[in-house]
A.B. asks: 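Below is the structure I would like to discuss, written out as structure tokens.
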Amino acid sequence: MTFTLANLPYAHDALQPYMSKETLEYHHDKHHQAYVTNLNNLIKGTEFEGKSLEDIVKGSFGKNAPIFNNAGQDYNHNHFWNWMKPNGGGDKLPGKLAKKIDEDLGGLEKFKTDFIAAGVGQFGSGWAWLSVKNGKLEISKTLNGESPLVHGATPILGVDVWEHSYYIDYRNRRPDYLKAFVDHLVNWEYVESLFEKA
């Protein structure tokens, strides 16, 4: 089984002004493509050849850093493109998800504040997450290509805080990028679909 770069679910310029066409051309077409290419080359002739992406991520964690880094980033980015949409964000969340955010995280505004804080507080490269663990929602952050998947949780929303995700548009203003992400880009319907499955 060879992995291929998934197409963006919208045009390269569809997320402007919050994420530019140039950012998506670099981030999706070059960075994500490199993870896919590297992964295909690295798994040839290994125990991971022919396995699903999720199985490779879980199986290589802590055992094979090069394979894990590229598989993890492919997995994260496949979701990342779907976690955004034109005219996303907003305060109208699907009912069940909104209720769960109220119950577990103290409401949407507190969730936004804490989620942004997780992303701002991630030193260097990594991700901020909303995931389901033992039936409860939790916010976390991880280093590099790691995700809650390798810590017994199911990620339902993640934001990339590697500099290549925001530097063209926001330079060093990571908090501004994260605020734009939650206020204007999040595809809450996709988050809800993952929440229902989890």
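Positions are given from 1, in the same order as the sequence printed here. Side chains are part of it too, since the values below use all heavy atoms of this structure and drop only hydrogens, waters and symmetry mates. Bear in mind that the values here come from a model prediction, so they are computed numbers and not experimental data.
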A.B. asks: More than 12 foreign heavy atoms under 6.0 Å from CG of N87: is that the case here?
C.D. replies: no
A.B. asks: Quick check against the 3.5 Å criterion: does K112 have a side-chain atom that pairs as donor or acceptor with the backbone of V182?
C.D. replies: no
A.B. asks: Tell me, do D160 and N76 make a side-chain contact under 4.5 Å, heavy atoms counted?
C.D. replies: no
A.B. asks: Out of curiosity, does L108 fall in the hydrophobic cluster containing V132 (side-chain heavy atoms, cut-off under 4.5 Å, transitive links)?
C.D. replies: yes
A.B. asks: Evaluate L137 against I101 for side-chain contact (heavy atoms from CB on, under 4.5 Å), listing each step before the verdict.
C.D. replies: CA-CA 7 Å; L137 291 179; I101 286 176; 3.6 Å; yes
A.B. asks: Answer yes or no: is there an ion pair linking K133 with D104, defined by an N-O contact shorter than 4.0 Å?
C.D. replies: no
A.B. asks: Please test I156 against L97 for side-chain contact (heavy atoms from CB on, under 4.5 Å), starting from the C-alpha separation and ending with a verdict.
C.D. replies: CA-CA 11 Å; I156 62 169; L97 182 62; 4.2 Å; yes
A.B. asks: Hey, could you give me each pair passing salt bridge (Lys or Arg N to Asp or Glu O under 4.0 Å) that has a residue in residues 26-36? Not counting sequence neighbours.
C.D. replies: none
A.B. asks: Of the non-hydrogen atoms in K58 and V150, which two are nearest, and what is the gap between them?
C.D. replies: CA-CG1, 4.4 Å
A.B. asks: State, with a plain yes or no, whether a side-chain heavy atom of Y177 is found less than 4.5 Å away from one of Y167.
C.D. replies: no
A.B. asks: If you look at every heavy atom in K100 and K136, which pair is closest and at what distance?
C.D. replies: NZ-CA, 4.2 Å
A.B. asks: Hey, could you give me the CG/CG distance between N38 and N69, rounded to the nearest 0.5 Å?
C.D. replies: 10.0 Å
A.B. asks: Check L194 against P155 and note the closest heavy-atom contact, atom names and distance.
C.D. replies: CD1-O, 4.1 Å
A.B. asks: Please examine the side chains of V57 and F68, heavy atoms only from C-beta on, and report whether any two atoms are closer than 4.5 Å.
C.D. replies: yes
A.B. asks: With no hydrogens and no angle check, just 3.5 Å: does a side-chain donor-acceptor pair link T142 and W129?
C.D. replies: yes
A.B. asks: Which distance, rounded to the nearest 0.5 Å, do you find between the CZ of R174 and the OH of Y166?
C.D. replies: 4.0 Å
A.B. asks: Got a second to check how far L105's CG is from T113's OG1, nearest 0.5 Å?
C.D. replies: 11.5 Å
A.B. asks: Do Y190 and L149 sit in the same hydrophobic cluster, where Ile, Leu, Val, Met, Phe, Trp and Tyr count as joined when their side-chain heavy atoms come under 4.5 Å apart?
C.D. replies: no
A.B. asks: Given S147, which of F61, W127, Y75 fulfils the side chain to side chain contact (heavy atoms under 4.5 Å, CB included) condition?
C.D. replies: Y75
A.B. asks: Stepwise, does the side-chain contact (heavy atoms from CB on, under 4.5 Å) test hold for D91 with E109?
C.D. replies: CA-CA 9 Å; D91 297 333; E109 286 314 308; 3.9 Å; yes
A.B. asks: What pair of heavy atoms forms the shortest contact from E192 to P94, and how long is it?
C.D. replies: OE2-CB, 3.0 Å
A.B. asks: Is atom OH of Y26 surrounded by more than 12 heavy atoms (other residues, nucleotides or ligands) closer than 6.0 Å?
C.D. replies: no
A.B. asks: Drop me the distance from S193's OG to W188's CH2, to the nearest 0.5 angstrom.
C.D. replies: 12.5 Å
A.B. asks: State the CG-NZ distance between N82 and K85, to the nearest 0.5 angstrom.
C.D. replies: 12.0 Å
A.B. asks: So F48 and L42, do their side chains get closer than 4.5 Å, heavy atoms only?
C.D. replies: no
A.B. asks: Using modelled atom types and a 3.5 Å cut-off, is there a donor and acceptor pairing between side-chain atoms of N144 and backbone atoms of E146?
C.D. replies: no
A.B. asks: How many angstroms lie between NE2 in H151 and OG in S131, if you round to the nearest 0.5 Å?
C.D. replies: 10.0 Å
A.B. asks: Tell me if the NZ atom of K179 is crowded by more than 12 foreign heavy atoms within 6.0 Å.
C.D. replies: no
A.B. asks: Test of understanding: clusters of I, L, V, M, F, W, Y form through side-chain heavy atoms closer than 4.5 Å, transitively. Do L24 and V36 belong to the same one?
C.D. replies: no
A.B. asks: Should V159 and I139 be regarded as members of a common hydrophobic cluster, given that ILVMFWY residues are connected when their side-chain heavy atoms come within less than 4.5 Å of each other, either directly or indirectly?
C.D. replies: yes
A.B. asks: Taking V161 as the starting point, is it possible to reach V120 by hopping between hydrophobic residues whose side chains are less than 4.5 Å apart?
C.D. replies: yes
A.B. asks: If every non-hydrogen atom of A34 is compared with every non-hydrogen atom of N70, which pair is closest and at what distance?
C.D. replies: O-OD1, 4.3 Å
A.B. asks: Heavy-atom distance under 4.5 Å between the side chains of M19 and F181, does that happen here?
C.D. replies: no
A.B. asks: Is there side-chain contact between F195 and L157, with at least one heavy-atom pair below 4.5 Å?
C.D. replies: no
A.B. asks: H31 and Y35: aromatic ring centres closer than 6.0 Å?
C.D. replies: no
A.B. asks: Looking at side-chain heavy atoms only, is the closest gap between L5 and H28 below 4.5 Å?
C.D. replies: yes
A.B. asks: The test is side chain to side chain donor-acceptor pair (under 3.5 Å); show your working for N40 and T2 and say whether it passes.
C.D. replies: CA-CA 6 Å; N40 285 324; T2 306; 5.0 Å; no
A.B. asks: Could you tell me whether the side chain of H27 reaches within less than 4.5 Å of the side chain of W162, counting heavy atoms only?
C.D. replies: no
A.B. asks: Ignoring hydrogens, what is the shortest heavy-atom contact between F3 and L39? Give both atom names and the distance.
C.D. replies: CD1-CD2, 3.7 Å
A.B. asks: For the ring pair F80 and H32, is the centre-to-centre distance below 6.0 Å?
C.D. replies: no
